[in-house]
Structures are given as C-alpha cells and as structure tokens.
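Notes for the one structure printed next.
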Amino acid sequence: MDSKAGKFKVADLKLADEGNKLIEWAESRMPVLAALREKYKQTKPLKGYRIAGCLHVTKETAVLVKTFVDAGAQVSWSGCNPLSTNDAVAAALAAQGISIFAWHGMNVKEFYWCIEETLKIHPNLTLDDGADLIFTIHKNHPDFAEKYVIGGTEETTTGVHRLRAMAADGALKYPVIAVNDAETKWDFDNVYGTGQSTLDGVLRATSVLLAGKNIVVAGFGHCGKGVAMRAKGLGANVIITEVKPTAALKATLEGFRVMKMDDAAKVGDIFITATGVKDIIIKKHFHVMKEGAIVCNTGHYDCEINLTDLAKLTKSKRVIRDDNEEYLLKNGKRIYVLAQGRLVNLAAAEGHPSEVMDMSFANQFMSQLRLAEVHKKGKRLENRVYDIPAEQDQQIARVKLATNGISIDRLTPEQKKYMDDYSAGT
Ligand code: ADE
C-alpha cells in the first residue's frame with residue numbers, strides 16, 4: 001500500500017492517531033535526539049542518503065526515524081523481531097509517509113519479506129539491531145555492498161559480536177559502526193533499560209509477586225546485571241548462572257548466589273535468560289523444574305530457551321493470558337513460557353524506556369551522520385567494525401546531564417597538567 005510517498009505494510013492504518021500520541025510521549029522524554037533534530041533540520045546533512053533500518057518498531061524508534069527524515073534522509077524500515085512491533089506506532093509512521101513493513105505477530109517468512117521490501121530503496125546506509133539486515137544483504141544481495149552501501153550501524157551486543165566474527169573472517173563487505181559499544185549505550189540501555197523493561201515484561205505477562213521468589217538470571221553481562229539488580233531491589237532472591245569466571249565472581253561480590261543451571265533449575269521460580277547464547281535452558285532443566293515455574297528470555301534471539309525440547313516433554317499447552325503459555329508436562333507439572341521465548345521486554349512490554357533510548361539513538365544518529373560525512377569527503381571506511389569515538393560519548397552524556405538540569409565540574413589546566421605529570425610522586 002502507498003501513503004503519501006512511502007510504501008508500507010502494517011496491521012491497521014486506523015491506529016495512526018494512537019501511535020502519534022505514543023510517539024509524542026516518547027519525544028518529550030528524548031531531549032538529546034530532539035537537540036540533534038533541531039540542529040540538523042535546516043542543513044539536512046542526510047539529504048540524498050537512503051537508510052534501510054531493521055530495528056524494533058517502538059515509539060522511541062519512531063522518534064529516531066523522524067529525526068533521520070528531518071535531517072533529509074529517505075528511510076525504509078522493518079522490525080527486528082516478529083513480536084516487538086507496536087502496531088499503532090507502525091501505523092503512525094506509515095501515515096506520515098515513511099516506508100515501513102512491520103506488524104506484531106508476523107512469522108519468520110514474513111519477517112524476511114519485510115527486510116527485502118526495505119531493500120527496494122537500494123540503501124546506501126543500513127541500521128541494524130541483531131544484524132539480520134546486513135546478513136540478508138550479504139546473502140541475497142552481495143552486489144549492494146559495491147553498488148550502493150557505504151556503511152552500517154549495529155545496535156546490539158549479539159549483532160556486534162557476530163559482525164566482528166565476520167570481519168575477522170574477511171567476510172564483511174562494508175564498514176559497520178558498533179553503536180552498542182558506546183559507553184552511553186551499553187552502560188545505560190543494556191543495564192538500566194534491560195533491567196527495568198524485562199521485569200516490566202514479566203509483570204505484565206504474569207502479575208506475580210517478585211518479592212521472595214527465586215529468580216534465576218542466566219548471564220551476568222550488562223543486561224543480566226541490570227535484571228539481577230532490579231530483581232534484587234524488588235525483594236527477589238537472585239541466582240546467577242554464568243560461564244565466564246570473572247563475571248561469576250563479580251556476581252558473588254554483588255551478593256548473588258552463583259550456581260550451575262543444572263542446580264538452579266531445581267530451585268528457581270522464575271528464569272530469565274540474558275546470555276546471547278543458545279540452549280541455556282534445555283530438556284534436562286525443564287525436567288527438574290518446580291511446578292509452576294515461569295521461563296522467559298531477554299536476549300536478542302529466541303534460541304536461549306529450547307522450546308523444541310519442552311515440546312517433547314509436553315502433554316498439552318494453552319494460552320493462559322497474554323504473552324503467557326502454560327505447558328502441561330507428561331510428568332504432571334506445569335511450566336509457563338512468556339512471549340514464546342522471544343524478547344520478553346519488547347514482546348510483553350514496551351521495551352526500554354524513552355530516557356535511555358534517547359542516548360542509544362543519539363549514538364545511532366551520529367554514527368549514520370559520520371558515515372555520510374566520510375562519504376561526502378570522497379572517502380570510505382575499511383570493511384571492519386568501528387568503535388564510537390570517545391568524544392561522542394562525552395558529548396551525549398553532557399547534553400543528557402544538561403537536559404536534566406545537572407552541571408558538573410571541569411578539570412582546571414593545573415589539574416590536567418598534574419594528571420599527566422609522571423615525575424610527580426607521593
Ligand atoms: N530495544 C530495547 N528497547 C527498545 C525500544 N524501546 N525501542 C527500540 N529498541 C529497543
């Protein structure tokens with residue numbers, strides 16, 4: 001379907017008014033992005049650039065998309081997870097003339113169809129969350145890398161990890177900026193964003209009391225740490241499972257119990273996977289779980305909880321409430337799986353709050369701009385994964401502080417000199 005300029009496929013265009021209000025709500029909590037929008041709306045530095053994006057269609061993403069459009073870009077968008085699209089937001093974007101292909105509850109075939117549709121603009125910039133768009137270009141349109149694409153950005157830990165592996169193998173066909181690795185992204189979005197939104201998803205899908213429950217968090221990376229901290233704050237007994245010795249040690253010093261999943265499986269009331277690795281909860285774990293155990297995932301892909309294994313142990317299943325399926329096992333116990341093992345924070349709730357996405361998306365915007373600026377100078381970055389410049393982090397954090405009405409001290413010239421003075425001792 002066409003609306004104004006853009007082609008789109010969304011669930012229901014009539015939801016656009018509702019979506020506009022959600023976007024307005026997010027906008028008022030995203031001052032860093034608003035400042036960038038104000039700065040670039042006259043000069044339009046992205047004019048002539050075509051951005052294909054594959055990232056959760058949320059109210060916060062809509063603010064990012066509108067910022068790109070105001071800076072002159074042509075945008076074509078799909079969601080990066082079959083269950084994370086907010087249909088009202090997708091409708092609002094479509095009604096504003098954005099090319100968007102996204103609806104809640106699509107199947108995997110439709111997911112890749114949507115990505116292919118976004119590629120019809122022949123993007124020269126790509127934006128990913130989980131690298132599915134980049135992988136699709138590499139697999140189905142390898143010529144795009146030479147013909148059109150000057151670079152891309154990647155939002156998430158899992159995506160960056162895979163892209164680094166691809167670059168190490170010499171298989172990456174264009175440069176990618178690792179937005180995830182910006183301090184103003186991972187240290188806020190991954191920790192506080194995931195911490196809050198994951199528990200938000202668990203509560204919306206279950207409404208259980210968290211205080212006093214044994215909550216098993218698999219993975220004590222930034223996301224797992226955020227979930228564990230917030231669960232502890234709500235009175236849960238948090239148990240961590242890990243494979244990395246230093247991460248496990250940190251968890252113990254934070255006061256969490258650390259054990260193997262084989263042991264945690266027997267005592268957990270709620271399981272939350274946050275590892276980025278497959279097969280964290282498998283047959284032998286389901287087999288020993290307590291009656292009524294609740295299982296969910298907040299990692300990017302839906303492979304952390306092995307639902308094929310669970311199906312083999314299951315006699316029957318039914319939807320007990322939204323985003324919550326009851327599996328009745330052959331051994332008589334019931335296990336509840338939230339959001340089909342997909343990202344519980346986006347499928348059952350609204351993803352991270354606008355305040356943290358403000359910084360993540362400011363990094364996205366500035367990174368896309370960086371790729372365009374390099375291109376305008378007639379240059380091209382190498383085909384590898386690039387970090388965010390350190391000054392970009394400080395700039396974003398400074399604006400964020402200012403918009404919160406907080407000013408901080410600055411080093412005096414004497415203090416700077418003192419820091420560098422290697423002849424000064426005790
Ligand atoms: N990832 C996690 N939370 C998100 C949000 N609110 N919008 C887009 N991507 C997200």
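Just follow the structure's listing: the first ligand is 1, and inside any ligand the first atom is 1. Numbers here simply count residues along the sequence, with the first being 1.
- Looking at Glu60 next to ligand 1, an N or O pair under 3.5 Å apart turns up.
- Looking at Tyr174 and Thr126, their side chains do bring a donor and an acceptor atom within 3.5 Å of each other.
- Seen from the ring of Phe256, Lys232 counts as a face-on cation partner, given the 6.0 Å and 45° thresholds.
- Nearest protein heavy-atom contact of atom 10 (C) of ligand 1 is Met357 CE, 3.6 Å.
- Between His352 and ligand 1, at least one N/O pair is under 3.5 Å apart.
- The part of Glu350 lying near ligand 1 is the backbone, judged by heavy-atom distances below 4.0 Å.
- The distance criterion of under 3.5 Å between nitrogen or oxygen atoms is not met by Asn345 with respect to ligand 1.
- With a 4.0 Å heavy-atom cut-off, ligand 1 is reached by the side chain of Leu346 but not by its N, CA, C or O.
- Of the charged side-chain nitrogens involved, none lies within less than 4.0 Å of a carboxylate oxygen, so that Lys244 and Glu242 do not count as a salt-bridged pair.
- Between the side chains of Thr58 and Asn86, no donor N or O sits under 3.5 Å from an acceptor N or O.
- Close approach of ligand 1 to Phe361 is summarised as follows: ligand atoms under 4.0 Å from at least one heavy atom of the residue are 8 (C).
- Atoms of ligand 1 found under 4.0 Å from any heavy atom of Thr61, numbered from 1 in the order shown, are 7 (N), 8 (C).
- Nearest protein neighbour of atom 1 (N) of ligand 1, counting heavy atoms only, is His56 CD2, 3.7 Å.
- Between Ser207 and Arg321 the shortest side-chain heavy-atom distance falls below 4.5 Å.
- Ranking protein heavy atoms by distance to atom 7 (N) of ligand 1, first place goes to Thr58 OG1, 2.7 Å.
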### Query
Can you list the steps and then say if Thr153 with Val179 is a side chain to side chain contact (heavy atoms under 4.5 Å, CB included)?
CA-CA 6 Å; Thr153 54; Val179 167; 3.9 Å; yes
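- Between the side chains of Glu116 and Asn140, a donor-acceptor pair is found at a separation under 3.5 Å.
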